[in-house]
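Only heavy atoms go into these numbers, but all of them, side chains included; no hydrogens, no water, no symmetry mates.
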Amino acid sequence: MDYMTLREAGEKWGISPRQINYYCSDGRIPGAEKMGRVWLIPKNAEKPIDRRFHKKVGDDK
């Protein structure tokens with residue numbers, strides 16, 4: 001299986017490597033593995049949904 005680093009995933013998904021680190025620590029990226037101090041994320045992994053923002057009822061934007 002091919003893996004990418006936090007930095008590579010950040011560039012692919014348009015978010016910071018630190019945010020991806022939180023996702024990995026929380027178990028929100030399936031298949032992510034920690035090798036020593038480095039997270040390895042499968043290249044085919046999808047970006048997790050950002051739980052910080054909620055869609056308002058009736059808001060179609």
Side-chain angles (χ1 to χ4, degrees):
M1 179 179 283
D2 290 331
Y3 293 98
M4 58 184 163
T5 64
L6 294 176
R7 180 175 288 173
E8 292 169 335
E11 291 171 1
K12 179 179 177 182
W13 295 338
I15 56 178
S16 71
R18 183 66 180 149
Q19 187 65 35
I20 298 169
N21 186 50
Y22 286 129
Y23 290 154
C24 291
S25 297
D26 200 29
R28 294 182 51 202
I29 301 177
E33 298 179 15
K34 190 162 188 181
M35 296 286 258
R37 295 175 45 188
V38 178
W39 280 101
L40 299 175
I41 302 163
K43 285 199 182 252
N44 61 352
E46 294 186 21
K47 177 182 174 184
I49 297 171
D50 192 347
R51 295 182 186 168
R52 296 177 298 170
F53 303 103
H54 299 282
K55 185 175 182 179
K56 296 179 182 178
V57 176
D59 188 13
D60 294 333
K61 294 181 182 176

Path from [X] to [Y] over hydrophobic side-chain contacts below 4.5 Å:
X   : Y   : answer
I29 : L40 : no
M35 : I41 : no
I15 : L6  : yes

Taken to the nearest 0.5 Å, the spacing of R7 CZ from S16 OG works out to 12.0 Å

[X] and [Y]: which non-hydrogen atoms are nearest, and at how many Å?
X   : Y   : result
A32 : P42 : N-CD, 3.9 Å
P48 : W13 : CD-CZ3, 4.1 Å
E33 : Y3  : OE2-OH, 3.2 Å

- Check: T5 main-chain N/O paired with E8 side-chain donor or acceptor under 3.5 Å: yes

(request) Would you check if the side chain of K47 reaches a backbone N or O of G14 as a donor-acceptor pair within less than 3.5 Å? (result) no

Residues passing the side-chain hydrogen bond (donor to acceptor under 3.5 Å, both in side chains) test with Y23, sequence neighbours excluded, are none

